[in-house]
Engineer: 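Structure below; questions to follow.
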Amino acid sequence: MSIKDILPSKLGFGAAPLGNMFRDIPQQEALATVEAAWADGIRYFDNAPFYGAGLAELRMGEALAGKPRGEYVISTKVGRVILDEVEDISPSEKGEVFKHGRPNKVVNDYSSDATLRSIEDSLKRLRTDHIEIAFVHDLAQDFWGDQWLGQFEEARTGAFKALDRLRDEGVIKAWGLGVNRVEPIELLLDLDEPRPDVFLLAGRYTLLDHERALQRVMPKVAERGLGIVVGGPYSSGALVGGPNFEYAPMTPDVRDKVSRIKSIADRHAVSMKAAGLQFSLANPAVAAVIPGASQPSRIAEDRAALTETISPAFWKELREAGLVSPAAPLPGIF
């Protein structure tokens, strides 16, 4: 089954903000954000135990409780296991954490046993009896540095084989990597034995940063009939007026590129959100985009961006200005 047959729509919901990644979100605001996504018609929800040490999954499980399970798709991630312990928290707060089911000690483990436990624990937090997609999380240089190849090897003999088996047994429908770098995807695609279906690539196929993915990943994925879910289509907010790129303050070069794109977008009356979402989706390897949302109003903004009409002249000017790769597929330009 193709990943595009599994995912119900091109626009999904990235749950990282629900784990208080960028700010402390009140519980009711988090639940209202998921409800707004549901009301908008979004039926693909991506999560991970790492987002708030289970908090995002707990919130999503509560928000989706009572929704018809056959009408939506959930992806979550493996590679981290949350232990029944609390760390880095004051003694006075420990009771509250346990009271709300929130032990927060996270350990990194890509073994087969940890993979099975991670999925089992996620099912409990998400209040469901199955997930459709499992991603092996952060198996890359940005998290592991020089140790990443050793961690990849642990996953190759552990998580990858476990997920292959779960997919073949029908427990899950698809699996792959959930990473912020292209190199792990390249490496996995070159192996004969594991058989991934989809990759969640965050921040590497965006209007601001796409050259390496375009050269080294996207063609192979498309040729094999697999798919890419694009995370972080706004480049940590840099593309839409935020101060950060790659979770750190923007460099002058990135700030200049954003300014040049925005100048062209303003001349063509194009919103930056629309430019970002529609650029990512124009590549045939991309199955969905999952912008993160931390408040209900963001859902409507993303939907409007997805459906906004953009003149081909905008894309042509970006290309002529050298702001997008000559090889990048662009909406309405062939």
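Heads up: numbering here begins at 1 and tracks the sequence.
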Engineer: Strictly under 6.0 Å, is that where the ring centroids of Phe279 and Tyr205 end up?
Structural biologist: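 Yes.
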Engineer: Can you name the closest pair of heavy atoms from Lys4 and Ala287 and give their distance?
Structural biologist: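 Closest approach of Lys4 to Ala287: CG-CB, 4.0 Å.
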Engineer: Closest heavy-atom contact between Leu226 and Pro196?
Structural biologist: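 Closest approach of Leu226 to Pro196: CD2-O, 3.4 Å.
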Engineer: Between Ser111 and Asp109, does any side-chain donor sit less than 3.5 Å from a side-chain acceptor?
Structural biologist: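 Their side chains do contain a donor-acceptor pair, which is all the 3.5 Å distance test asks for.
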Engineer: Does this structure show an ion pair linking Asp168 with Arg195, if we count only N-O contacts that are shorter than 4.0 Å?
Structural biologist: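 Salt bridge flag = yes for Arg195 with Asp168.
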Engineer: Decide yes or no on ring-ring contact (aromatic ring centres under 6.0 Å, His included) for Phe160 and Trp175, but give the supporting numbers first.
Structural biologist: CA-CA 9 Å; Phe160 297 173; Trp175 74 272; 5.4 Å; yes
Engineer: Any carboxylate oxygen within less than 4.0 angstrom of a Lys/Arg side-chain nitrogen, looking at Arg167 and Asp164?
Structural biologist: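 Salt bridge present between Arg167 and Asp164.
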Engineer: Go through Phe135 and Val198 one step at a time and tell me if the side chain to side chain contact (heavy atoms under 4.5 Å, CB included) criterion holds.
Structural biologist: CA-CA 8 Å; Phe135 293 113; Val198 60; 3.7 Å; yes
Engineer: Are Glu132 and Lys173 ion-paired here, with the side-chain N under 4.0 Å from a carboxylate O?
Structural biologist: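 Judged by the 4.0 Å cut-off on N to carboxylate O distance, Glu132 and Lys173 do not form a salt bridge.
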Engineer: Measure the CG-CD1 distance between Leu126 and Ile74 for me, rounded to the nearest 0.5 Å.
Structural biologist: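 The distance works out to 5.0 Å.
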Engineer: Test the Arg43-Phe45 pair against the cation-pi criterion, namely NZ or CZ under 6.0 angstrom from the six-membered ring centroid and within 45° of the ring axis.
Structural biologist: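 The answer is no, since Arg43 fails at least one limit relative to Phe45.
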Engineer: Show, in sequence, the C-alpha distance, side-chain angles and deciding distance for Arg156 and Glu193, and conclude whether the side chain to side chain contact (heavy atoms under 4.5 Å, CB included) test is met.
Structural biologist: CA-CA 9 Å; Arg156 186 189 68 80; Glu193 186 61 29; 5.9 Å; no
Engineer: Please name the pair of heavy atoms, one in Ala30 and one in Ile25, separated by the smallest distance, quoted to 0.1 Å.
Structural biologist: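 So the two residues come closest at N-CG2, 3.7 Å.
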Engineer: Checking side chain to side chain contact (heavy atoms under 4.5 Å, CB included) against Trp38, which of Leu64, Thr33, Ile299 comes through?
Structural biologist: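 Of the listed options, the one satisfying the test is Leu64.
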Engineer: Please find the pair of heavy atoms, one from Leu277 and one from Val289, that lie closest to each other, and give the distance.
Structural biologist: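 Taking every non-hydrogen atom into account, CD2-CG2, 3.7 Å.
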Engineer: Do Met60 and Leu31 belong together in a cluster built from hydrophobic side chains that touch within less than 4.5 Å?
Structural biologist: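 Not linked; separate clusters.
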Engineer: Answer yes if the side chains of Tyr247 and Asp142 hold a donor-acceptor pair under 3.5 Å, and no otherwise.
Structural biologist: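 Absent: no donor and acceptor within the cut-off.
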Engineer: So which of Arg80, His137, Gln151 actually passes side chain to side chain donor-acceptor pair (under 3.5 Å) with Asn108?
Structural biologist: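 When Arg80, His137, Gln151 are each tested with Asn108, the side chain to side chain donor-acceptor pair (under 3.5 Å) holds only for Arg80.
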Engineer: Where do Pro184 and Gln141 come nearest, in terms of heavy atoms and distance?
Structural biologist: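 Looks like CD-OE1, 4.0 Å.
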Engineer: Quick test of your reading: applying salt bridge (charged side-chain N to carboxylate O under 4.0 Å, His left out), list the pairs with at least one residue in residues 5-24, sequence neighbours left out, ordered by first then second residue.
Structural biologist: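 Sorted pair list: Arg23-Glu29.
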Engineer: Start with the C-alpha distance between Phe314 and Ile264, add both sets of side-chain angles, then the distance that settles side chain to side chain contact (heavy atoms under 4.5 Å, CB included), and finish with yes or no.
Structural biologist: CA-CA 7 Å; Phe314 165 72; Ile264 295 172; 3.7 Å; yes
Engineer: Hey, is the main chain of Gly54 close enough, under 3.5 Å, to the side chain of Arg59 for a donor-acceptor pair?
Structural biologist: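 No; zero donor-acceptor contacts below 3.5 Å.
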Engineer: Tell me every residue that passes side chain to side chain donor-acceptor pair (under 3.5 Å) with Gln215, counting only those two or more places apart in sequence or in another chain.
Structural biologist: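 Applying side chain to side chain donor-acceptor pair (under 3.5 Å) to Gln215 gives Glu211.
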Engineer: Are any of the side-chain nitrogens in Arg298 or Glu301 under 4.0 Å away from the carboxylate oxygens of its partner?
Structural biologist: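 Salt bridge: yes.
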Engineer: Strictly below 4.0 Å, N to O, side chains only: are Glu246 and Arg204 in salt-bridge contact?
Structural biologist: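 Between Arg204 and Glu246 there is a salt bridge, with a charged N closer than 4.0 Å to a carboxylate O.
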Engineer: For Lys67, which residues count as a salt bridge (Lys or Arg N to Asp or Glu O under 4.0 Å) partner, sequence neighbours excluded?
Structural biologist: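 Expected list: Glu35.
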Engineer: Give a yes-or-no answer on whether the side chains of Gln27 and Glu62 include a donor-acceptor pair shorter than 3.5 Å.
Structural biologist: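 Yes.
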Engineer: Are the ring centres of Tyr72 and Phe13 closer than 6.0 Å?
Structural biologist: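 Not under 6.0 Å, so no.
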Engineer: Keeping Ser235 on the side-chain end and Gly237 on the backbone end, is there a donor-acceptor pair under 3.5 Å?
Structural biologist: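 Side chain of Ser235 to backbone of Gly237: no pair is present.
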Engineer: Checking Asp46 against Ser75: is there a side-chain donor and acceptor pair closer than 3.5 Å?
Structural biologist: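 Note: Ser75 and Asp46 side chains meet the donor-acceptor criterion.
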Engineer: Indicate yes or no: does Glu120 engage Arg117 in a salt bridge with an N to O separation below 4.0 Å.
Structural biologist: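 Not counted as a salt bridge, because no side-chain N and carboxylate O are separated by less than 4.0 Å.
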Engineer: To check you understand the geometry: which heavy-atom pair defines the closest contact between Met272 and Val258, and what is its length?
Structural biologist: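 Scanning both residues completely, I find the closest heavy atoms to be CE-O, 4.0 Å.
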